[in-house]
Amino acid sequence: PVRDQPTRDFYARLAEMIRTGQGGTWAVAFDEAKSGLPPASAYLFGREGELLAQLRPGAASEGMKKLQDDLTPLVERPRPHAREGIAYLPFLPRCRLVIVGGGHVGRAVGQLAADLDFDVWAIDDRPEYVSEERFPEAERRIHGVMGEVLPQLDITPDTYCLIVTRGHNHDEEALLHLVDRGARYVGMIGSKRKIRLIFEDLIELGVSREVLEKVHAPVGIDIGSQTVPEIAVSIAAELVSHRNRQGTVPGRPEAVSLAEM
């Protein structure tokens, strides 16, 4: 029961952090003999391991240091676990997924990604393709000229960028504006021939080979996809694996070689 103001404040802050997708760890001591912490004391840590709030504290400084030292970094996507009398209950930060292209594949991926705890942003130069009807779960729906919209887009280290536009030229322009912006992931749909042509064009424009080698293209793990829903599943599976396994994606198709470009 939440009977006092400090308890209400603690859980209100926890709820707000979960609601906004900030990410953090809720630690609860349940065995004083093992943990050296008061039983039922609770601690709220931010995504970098900083102490934000505590409930019924009373730990010695060495106990608090050990508690923080035992936190698993959120970048490793830890699961709830117990260690030495303390329950660690991580709530993982949500990643933003920028989908450039509101066609069939973009729409299908957006529907899956929202259920997979991505904050979806849908972008297209045609307003009818980023309507609320097509992307009901999207956090943002943006339309405009790619060369104007994409350079102004807020790209963070937690941003995933997926390029699935309606044609070669649009894909190339989108990749030009997103390839070296510090996103955690950039992926592009298409045949190896198309991807090679786009890479060659971007190299001529001054984009480095090292940057292009980090692009996931063709995008989607190999599950023999043929239909739009199957393609969306293969792409969504790649996004989840990359997010949850620190960049590891099993079953990816062979990357386009840049050695001869």
Side-chain angles (χ1 to χ4, degrees), residues 19-22 93-191 194-195 197-199 201-202 205 207 214-221 225-243 249:
R19 185 187 68 80
T20 57
Q22 298 176 39
R94 289 198 299 272
C95 295
R96 179 184 305 156
L97 173 61
V98 174
I99 301 176
V100 185
H104 297 312
V105 173
R107 181 185 186 186
V109 172
Q111 291 172 340
L112 288 173
D115 289 334
L116 295 169
D117 289 331
F118 286 93
D119 290 333
V120 176
W121 289 15
I123 301 175
D124 203 291
D125 58 340
R126 303 161 295 177
E128 66 271 22
Y129 277 80
V130 285
S131 65
E132 185 174 358
E133 180 182 3
R134 289 183 66 81
F135 288 92
E137 302 297 331
E139 187 178 85
R140 289 189 63 185
R141 293 174 286 273
I142 304 169
H143 67 86
V145 178
M146 292 296 171
E148 298 175 359
V149 170
L150 295 181
Q152 303 300 320
L153 206 64
D154 181 24
I155 302 295
T156 73
D158 285 331
T159 299
Y160 281 66
C161 298
L162 176 65
I163 299 171
V164 284
T165 77
R166 64 187 182 277
H168 177 115
N169 292 337
H170 291 85
D171 285 346
E172 182 172 318
E173 183 175 16
L175 186 59
L176 174 64
H177 293 300
L178 296 174
V179 69
D180 197 18
R181 296 277 300 283
R184 184 184 298 190
Y185 169 102
V186 178
M188 183 173 67
I189 200 169
S191 67
K194 184 195 83 170
I195 292 164
L197 292 173
I198 288 176
F199 282 3
D201 288 347
L202 295 187
L205 291 174
V207 178
K214 298 176 182 178
V215 176
H216 289 246
V219 69
I221 65 174
S225 304
Q226 297 184 28
T227 65
V228 167
E230 290 175 348
I231 293 170
V233 167
S234 75
I235 293 173
E238 175 168 317
L239 296 172
V240 170
S241 180
H242 189 280
R243 179 188 66 185
V249 181

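Excluded from the calculations below are hydrogen atoms, water molecules and symmetry mates; all remaining heavy atoms, backbone and side chain alike, are included. Worth saying up front: this structure is predicted, and the values here are computed from it rather than measured.
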Is there a donor-acceptor pair under 3.5 Å between the side chain of [X] and the backbone N or O of [Y]?
| X | Y | value |
| --- | --- | --- |
| Asp171 | Thr165 | yes |
| Arg134 | Gly102 | yes |
| Ser241 | Glu238 | no |
| Glu230 | Ser225 | no |
| Gln111 | Phe135 | no |
| Asp125 | Val145 | no |

Would you call [X] and [Y] a side-chain contact if the rule is heavy atoms closer than 4.5 Å?
| X | Y | value |
| --- | --- | --- |
| Ile189 | Pro218 | no |
| His170 | Ile163 | no |
| Leu175 | Val100 | no |
| Val109 | Ile231 | no |
| Val98 | Leu162 | no |
| Phe118 | Leu239 | yes |
| Met188 | His216 | no |
| Val149 | Ile123 | yes |

Looking at every non-hydrogen atom in both residues, tell me the closest pair between [X] and [Y] and how far apart they are.
| X | Y | result |
| --- | --- | --- |
| Asp201 | Glu172 | OD2-OE1, 2.8 Å |
| Thr159 | Asp154 | OG1-O, 4.3 Å |
| Ala237 | Ile221 | CB-CD1, 3.7 Å |
| Gly103 | Asp124 | N-OD2, 4.5 Å |
| Glu148 | Gln152 | O-CG, 3.4 Å |
| Val228 | Ala108 | CG1-CB, 4.0 Å |

Exercise for review: Would you sort out whether Leu197 and His168 count as a side-chain contact (heavy atoms from CB on, under 4.5 Å), showing the intermediate values?
Suggested key: CA-CA 9 Å; Leu197 292 173; His168 177 115; 3.7 Å; yes
Practice item. Give a yes-or-no answer on whether the side chains of Tyr160 and His242 include a donor-acceptor pair shorter than 3.5 Å. Key: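 Side chains of Tyr160 and His242: pair found under 3.5 Å.
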Check your understanding: How about Glu133 and Ser131: does a side-chain donor come under 3.5 Å of a side-chain acceptor?
Key -> no
I need the [X] [atom1] to [Y] [atom2] distance, nearest 0.5 Å.
| X | Y | atom1 | atom2 | value |
| --- | --- | --- | --- | --- |
| Leu97 | Arg243 | CG | CZ | 10.0 Å |
| Leu116 | Cys95 | CG | SG | 11.5 Å |
| Leu112 | Ile235 | CG | CD1 | 10.0 Å |
| Cys161 | Leu150 | SG | CG | 8.5 Å |

Review point. Does OH belonging to Tyr129 count more than 12 external heavy atoms closer than 6.0 Å?
Key: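 No, OH of Tyr129 has 12 or fewer neighbouring heavy atoms, counting only those of other groups under 6.0 Å.
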Point to revise | Neighbour count >12 (heavy atoms, 6.0 Å) for atom CD, Gln226 | key: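 12 or below, so no.
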Point to revise | Arg141 NZ/CZ over Trp121 ring centroid, <6.0 Å and within 45° of normal | key: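 That pair does not qualify as a cation-pi contact.
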Exercise for review: Kindly determine whether His143 and Arg126 satisfy side-chain contact (heavy atoms from CB on, under 4.5 Å), including the steps that lead there.
Suggested key: CA-CA 6 Å; His143 67 86; Arg126 303 161 295 177; over 6 Å; no
**Study point:** Ion pair Arg184/Asp158, N-O distance below 4.0 Å
**Key:**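 Yes.
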Review point. In terms of side-chain geometry, is the basic nitrogen of Asp117 or Arg94 positioned less than 4.0 Å from the acidic oxygen of its partner?
Key: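 A salt bridge is absent here (no side-chain N lies under 4.0 Å from a carboxylate O).
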Check your understanding: Run the side-chain contact (heavy atoms from CB on, under 4.5 Å) check on Val207 and Phe199 step by step: do they pass?
Key -> CA-CA 9 Å; Val207 178; Phe199 282 3; over 6 Å; no
Check your understanding: What's the verdict on side-chain contact (heavy atoms from CB on, under 4.5 Å) for Leu202 and Leu205, showing C-alpha distance, side-chain angles and the deciding distance?
Key -> CA-CA 5 Å; Leu202 295 187; Leu205 291 174; 4.1 Å; yes
